[in-house]
Amino acid sequence: MGGPSHDSSDFFTDKSAKIFVAGHRGLVGSAIVRKLQSFGFTNLVLRSHSELDLTRQSDVDSFFAAEKPQFVILAAAKVGGIHANNTYPADFIAINLQIQTNVIDSSFRHGVKKLLFLGSSCIYPKLAPQPIPENALLTGPLEPTNEWYAIAKISGIKMCQAYRIQYNWDAISGMPTNLYGPNDNFHPENSHVLPALMRRFHEAKVNQANEVVVWGTGSPLREFLHVDDLADAVVFLMEKYSGLEHLNVGSGKEVTIKELAELVKEVVGFEGELVWDTSKPDGTPRKLMDSSKLLGLGWTPKISLKDGLVDTYKWYVENVVKQ
Ligand SMILES: NC(=O)C1=CN([C@@H]2O[C@H](COP(=O)(O)OP(=O)(O)OC[C@H]3O[C@@H](n4cnc5c(N)ncnc54)[C@H](OP(=O)(O)O)[C@@H]3O)[C@@H](O)[C@H]2O)C=CC1
Ligand SMILES: C[C@H]1O[C@H](OP(=O)(O)OP(=O)(O)OC[C@H]2O[C@@H](n3cnc4c(=O)[nH]c(N)nc43)[C@H](O)[C@@H]2O)[C@@H](O)[C@@H](O)C1=O
């Protein structure tokens with residue numbers, strides 16, 4: 001019971017199987033929907049936040065009782081960058097615990113065949129060995145700016161493991177690195193670094209400003225993965241992986257925040273200077289994940305950071321700026 005299986009599941013055999021993608025309007029959920037549709041899946045069950053608030057246990061249970069999905073991909077969560085995580089710790093721990101507890105438990109109780117839970121690389125200790133292997137989990141103190149979110153995500157992994165151990169139920173967890181792409185959140189303060197900088201450079205270019213402020217020292221290292229690669233990995237895991245252990249999903253490529261800022265500046269075409277606001281937190285110094293277990297199963301990322309930035313900037317201009 002609970003041992004890993006790398007054999008194909010029957011996820012791909014019935015393209016009319018009912019799949020609930022929770023959080024389908026977000027960065028990750030929307031990419032998963034696009035990917036499933038590109039593979040020919042026809043029976044996706046989708047509910048916006050206003051149609052179904054996943055923090056409401058009885059509403060979630062009624063939804064599962066009525067819809068009875070066969071597969072669930074959990075991409076709904078309270079998500080944000082370093083400032084949002086640091087400013088709203090109660091929201092990050094409470095909302096995420098509520099959403100994941102409701103969805104995982106109702107999925108099990110209403111006969112879902114397989115569920116995939118998405119965590120994040122922030123589950124690992126602040127000073128984890130690099131690249132970070134899956135077994136670094138719970139080996140040291142967390143990064144303080146996002147420990148509330150990390151604790152919720154660690155609980156999600158453990159909940160999937162507990163249901164597998166007690167009920168032999170097929171719940172798996174994937175831990176993505178920092179993601180970006182179409183449908184990202186471009187909020188000036190609450191978003192992640194990449195969309196925040198894209199917007200700031202774009203607005204500076206349009207307003208012919210001389211400089212752009214970037215947070216922290218520029219020295220932290222981050223690994224970025226385009227969300228279309230992540231969506232591909234999610235479908236791959238649904239088909240190929242069944243096991244107790246969570247699996248890392250990364251690109252294997254890291255850049256400093258300074259290098260990222262220079263790259264975004266170039267893609268956007270801003271010609272002024274960068275100014276570093278060192279009163280803002282750097283967060284964890286480095287978080288490169290060791291994704292060799294997933295790569296060993298046969299999955300590979302395909303989109304380079306440069307190509308992904310060009311694609312995302314085009315999407316931003318066409319869908320956010322022109323609205
Ligand atoms: N973005 C990243 O860099 C990374 C993301 N991840 C993980 O991927 C998953 C998805 O993240 P991402 O797509 O970036 O986040 P987004 O904020 O883009 O999307 C989250 C989605 O969840 C929905 N949602 C939030 N609260 C509720 C609720 N109470 N009821 C119903 N729906 C709700 C949101 O709807 P609404 O906007 O209407 O509230 C939104 O559609 C998360 O689990 C996250 O931890 C992991 C690593 C990195
Ligand atoms: C995915 C992951 O994302 C979060 O962790 P993070 O990687 O630290 O996230 P971030 O993208 O917000 O910042 C990365 C780095 O970039 C710097 N930085 C510069 N200028 C801006 C800026 O303008 N905005 C932001 N947000 N950061 C900036 C910033 O100071 C930091 O050094 C978790 O809270 C948690 O949500 C999680 O799991």
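Order of listing sets the numbers, starting from 1, for every ligand and every atom in it.
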Go through ligand 2 atom by atom and flag the ones less than 4.0 Å from a non-hydrogen atom of [X].
X	result
Cys122	38 (O)
Ala196	22 (C), 23 (O), 24 (N)
Gly81	12 (O), 34 (O)

Notebook entry, point to check: Purely on distance, is any nitrogen or oxygen of His83 under 3.5 Å from one on ligand 2?
Noted result: no
Check: Got an N/O contact under 3.5 Å between Ser121 and ligand 2?
Finding: no
Cationic N near anionic O, under 4.0 Å, [X] to [Y]:
X	Y	value
Lys18	Glu67	yes
Asp311	Lys314	no
Glu254	Lys287	no
Asp170	Arg164	yes

Margin query: I'd like to know whether ligand 2 has Thr145 as a neighbour, heavy-atom separation below 4.0 Å.
Written below: no
Heavy-atom check, side chain of [X] versus side chain of [Y], under 4.5 Å:
X	Y	answer
Phe236	Lys35	no
Val79	Asn185	no
Lys293	Glu245	yes
Arg25	Ser48	yes

Next item on the list: Assess whether side chain to side chain donor-acceptor pair (under 3.5 Å) is satisfied between His110 and Asp61, documenting all intermediate values.
Entry: CA-CA 8 Å; His110 293 285; Asp61 209 60; 3.1 Å; yes
Closest protein heavy atom (residue, atom, distance) for [atom]:
atom	answer
atom 37 (C) of ligand 2	Ser120 OG, 3.6 Å
atom 33 (C) of ligand 2	Asn146 ND2, 3.2 Å
atom 23 (O) of ligand 2	Arg200 NH2, 2.7 Å
atom 15 (C) of ligand 2	Ile257 CD1, 3.6 Å
atom 34 (O) of ligand 2	Asn85 ND2, 3.0 Å
atom 8 (O) of ligand 2	Arg222 NH2, 3.0 Å
atom 12 (O) of ligand 2	Ile82 N, 2.7 Å
atom 2 (C) of ligand 2	Lys287 NZ, 3.5 Å

Next item on the list: Check the pair Asn85 / Trp148 against side chain to side chain donor-acceptor pair (under 3.5 Å), numbers first and verdict last.
Entry: CA-CA 8 Å; Asn85 270 269; Trp148 320 98; over 6 Å; no
Check: Given the side-chain rings of Tyr88 and Phe92, with only the six-membered ring counted for Trp, is the space between their centroids under 6.0 Å?
Finding: no
Margin query: Checking Thr284 against Glu143 for the side chain to side chain donor-acceptor pair (under 3.5 Å) test, could you report, in this order, the C-alpha distance in whole Å, the side-chain angles of both residues, the deciding distance, and whether it holds?
Written below: CA-CA 6 Å; Thr284 197; Glu143 154 60 30; 4.7 Å; no
Per-residue contact class, [X] against ligand 2 - non-hydrogen pairs under 4.0 Å:
X	answer
Ala261	neither
Lys280	neither
Glu189	neither

Next item on the list: Can you figure out which of Gly216, Gly283, Pro281 has its heavy atom closest to atom 29 (C) of ligand 2?
Entry: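 Shortest heavy-atom distance from atom 29 (C) of ligand 2: Pro281.
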Check: Which one of Asp282, Val193, Leu194, Leu221 has a non-hydrogen atom at the shortest distance from atom 31 (C) of ligand 2?
Finding: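 Selected option, by shortest heavy-atom distance: Asp282.
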One line per pair, note the atom names and distance for all nitrogen or oxygen contacts under 3.5 Å between ligand 1 and the protein.
residue: ligand 1; atom: 3 (O); partner: Leu179; partner atom: N; Å: 2.9
residue: ligand 1; atom: 13 (O); partner: Leu27; partner atom: N; Å: 3.2
residue: ligand 1; atom: 13 (O); partner: Val28; partner atom: N; Å: 2.8
residue: ligand 1; atom: 18 (O); partner: Leu27; partner atom: N; Å: 2.9
residue: ligand 1; atom: 22 (O); partner: Ala77; partner atom: N; Å: 3.4
residue: ligand 1; atom: 29 (N); partner: His49; partner atom: NE2; Å: 3.3
residue: ligand 1; atom: 29 (N); partner: Asp53; partner atom: OD1; Å: 3.0
residue: ligand 1; atom: 30 (N); partner: Leu54; partner atom: N; Å: 2.9
residue: ligand 1; atom: 39 (O); partner: His49; partner atom: ND1; Å: 2.7
residue: ligand 1; atom: 41 (O); partner: Gly26; partner atom: N; Å: 3.3
residue: ligand 1; atom: 43 (O); partner: Leu118; partner atom: O; Å: 3.4
residue: ligand 1; atom: 43 (O); partner: Lys153; partner atom: NZ; Å: 2.7
residue: ligand 1; atom: 45 (O); partner: Tyr149; partner atom: OH; Å: 2.4
residue: ligand 1; atom: 45 (O); partner: Lys153; partner atom: NZ; Å: 3.0

Next item on the list: Assess whether ring-ring contact (aromatic ring centres under 6.0 Å, His included) is satisfied between Phe39 and Phe11, documenting all intermediate values.
Entry: CA-CA 11 Å; Phe39 281 122; Phe11 183 66; 9.1 Å; no
Notebook entry, point to check: What do you reckon, is NZ of Lys306 surrounded by more than 12 foreign heavy atoms closer than 6.0 Å?
Noted result: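 Counting other residues, nucleotides and ligands, NZ of Lys306 stays at 12 neighbours or fewer.
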Next item on the list: Compute both the distance and the angle, then confirm whether Lys114 meets the cation-pi test with Phe71: under 6.0 Å from the six-membered ring centre, within 45 degrees of the axis.
Entry: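 Pair Lys114/Phe71 does not count as cation-pi.
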